[in-house]
There are 2 protein chains.
Amino acid sequence: MFSKACEYGIRATIYITEQSLFSKKVSLKDVANAIESPEAYTSKILQQLVKNNIIQSEKGPHGGFTIPEKEIKSLTISQIVVAIDGDQIFNGCGLGLKQCNERKPCPVHNQFKLIRGNLKMMLESTTIHSLALQLHQGFSFLKS
Amino acid sequence: MFSKACEYGIRATIYITEQSLFSKKVSLKDVANAIESPEAYTSKILQQLVKNNIIQSEKGPHGGFTIPEKEIKSLTISQIVVAIDGDQIFNGCGLGLKQCNERKPCPVHNQFKLIRGNLKMMLESTTIHSLALQLHQGFSFLKS
DNA sequence: TTCGTAAAAGTAATTAATTTCTTTTAGTGG
DNA sequence: CCACTAAAAGAAATTAATTACTTTTACGAA
């Protein structure tokens, strides 16, 4: 469904948000540990999220990652997915046709339109904040 | 969503089914042409489908691919997806956790369960036959 | 101020998986 | 036996994932 980078990105953001709830800054190492991901690769992904203004970073001793106060309640899964994987998942053709639309649809165009609509709605309405709360209460997990 | 191999596999099967409606056998070249796919790669994919008894093949002059008469009405997208991509799309965790279930769910477990349920239902209830009919009537297309 | 250290940012290289291309093999009908 | 067509195997190319290494920035102690 998503690329591995995107999966890591979502998990990382949920973790950072959970810690940001208590104004805790987290280091790259913390993140990689919490979500069981390769550290250097995770670094790349977090950089992308910083560039897209989804998370904040500070260098130097006691540096680390946080979620901007302003966004912490409104950030959705969708924003992360678009930042990392682009909008292919929402707009791309289910059978891989370059061009696929109402006027020249692939055989499953309408069926996929429905499914993708559901997916989009879910990703846009689910906030990272709500997921972080559940995580904090021990109702869900970020690593196996 | 699906691998490229799977996309080609679905498109190829729709095309073969359309031709099978009129008892026409199609060659590898025909298929690759009709769906605009690399010929050799398509060959490998069709081989997989043959091994999974989804399509039939015959070698030699006038050889080619057909859909077994018995299955032509009942074959669904789901069968092709499972044969090529496996059931990861139905059962895998949306955030890539090795282990993700009711007892130890990832943060989006329930949300994805719904979406995947919808997807599964769609893929299992949509027959290739119905798609082939629409294609034949010119309502949809297999290449851009 | 200056220097050392801790942290993220940036760059390049490696590995692994997927997709594509090439060649050979094998079965079938004329 | 010959020509045609799919099967099989392997090599090459592309893309995705991961790792290793260097640079930049910021803080704190001397």
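Labels below follow one simple rule: chain letters A, B, ... track the order of the sequence lines, proteins then strands, and each chain is numbered from 1. The structure presented is a predicted model; accordingly, all values stated were derived computationally and were not measured.
- The CD1 atom of Ile84(B) sits 4.5 Å away from atom CG of Leu49(B), with the distance rounded to the nearest 0.5 Å.
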Name each donor-acceptor pair under 3.5 Å that joins a side chain in residues 87-94 of chain B to protein atoms two or more places apart or in another chain, with its distance.
residue: Asp87(B); atom: OD2; partner: Asn91(B); partner atom: ND2; Å: 2.9

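- Residues of residues 63-72 of chain A that place a heavy atom closer than 4.0 Å to DNA chain C, in numerical order, are Gly64(A), Phe65(A).
- Between Pro107(B) and Leu142(A) the shortest side-chain heavy-atom distance falls below 4.5 Å.
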**Message:** Would Val81(B) and Ser78(B) count as a side chain to side chain contact (heavy atoms under 4.5 Å, CB included) here? Give the steps.
**Reply:** CA-CA 5 Å; Val81(B) 172; Ser78(B) 167; 5.7 Å; no
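- The footprint of chain A on DNA chain D, defined by a heavy-atom cutoff below 4.0 Å, extends from dA17(D) to dC27(D).
- Separating the CD atom of Glu39(B) from the P atom of dT22(C) is a distance of 11 Å, rounded to the nearest angstrom.
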Between the protein and nucleotides 10-13 of chain C, list the N/O to N/O atom pairs that are separated by less than 3.5 angstrom.
residue: dG10(C); atom: N7; partner: Gln47(A); partner atom: NE2; Å: 3.4
residue: dT11(C); atom: O4; partner: Lys44(A); partner atom: NZ; Å: 2.9
residue: dA12(C); atom: N6; partner: Lys44(A); partner atom: NZ; Å: 3.1

**side chain to side chain contact (heavy atoms under 4.5 Å, CB included) evaluation trace for Tyr15(A) with Arg11(A)** = CA-CA 6 Å; Tyr15(A) 174 68; Arg11(A) 279 153 66 191; over 6 Å; no
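- No hydrogens or angles considered: a donor-acceptor pair under 3.5 Å links the side chains of Thr42(B) and Ser37(B).
- In terms of the ring pair (Phe, Tyr, Trp, His ring centres under 6.0 Å) criterion, His62(B) has no residue partners (sequence neighbours excluded).
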Using nucleotides 25-30 of chain C, report all nitrogen or oxygen pairs with the protein that are shorter than 3.5 Å.
residue: dG27(C); atom: N2; partner: Gly60(B); partner atom: N; Å: 2.9

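- For Phe141(A), there are no ring pair (Phe, Tyr, Trp, His ring centres under 6.0 Å) partners two or more places apart in sequence or in a different chain.
- Among residues at least two apart or in separate chains, there is no salt bridge (charged side-chain N to carboxylate O under 4.0 Å, His left out) pair with a member in residues 59-79 of chain A.
- The nearest whole Å value for the distance from the OH atom in Tyr8(B) to the C1' atom in dT18(C) is 11 Å.
- Atom CD1 in Ile72(B) sits 8.0 Å away from atom OG in Ser23(B) (nearest 0.5 Å).
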Output side-chain donor-acceptor pairs under 3.5 Å for residues 51-58 of chain B, partner residues at least two apart or in another chain, one line each.
residue: Asn52(B); atom: ND2; partner: Gln48(B); partner atom: O; Å: 2.8
residue: Gln56(B); atom: OE1; partner: Thr66(B); partner atom: OG1; Å: 3.3
residue: Glu58(B); atom: OE1; partner: Lys25(B); partner atom: NZ; Å: 3.4
residue: Glu58(B); atom: OE2; partner: Lys25(B); partner atom: NZ; Å: 3.4

**side chain to side chain contact (heavy atoms under 4.5 Å, CB included) between Leu131(A) and Ile77(A), worked out** = CA-CA 10 Å; Leu131(A) 300 177; Ile77(A) 309 178; 4.0 Å; yes
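- For Glu102(B), the salt bridge (charged side-chain N to carboxylate O under 4.0 Å, His left out) partners at least two apart in sequence or on another chain are Lys113(B).
- Residue pairs meeting the ring-ring contact (aromatic ring centres under 6.0 Å, His included) criterion with at least one member in residues 97-117 of chain B, sequence neighbours excluded, are Phe2(A)-Phe112(B).
- Going from atom CG of Asp85(B) over to atom C1' of dA17(C) covers 13 Å, rounded to whole Å.
- Annotation: proximity of residues 21-28 of chain A to DNA chain C (heavy atom, distance under 4.0 Å) is found for Ser27(A), Leu28(A), numbered in ascending order.
- Thr17(B) and Ser20(B) share no donor-acceptor pair across their side chains, judged by distance under 3.5 Å alone.
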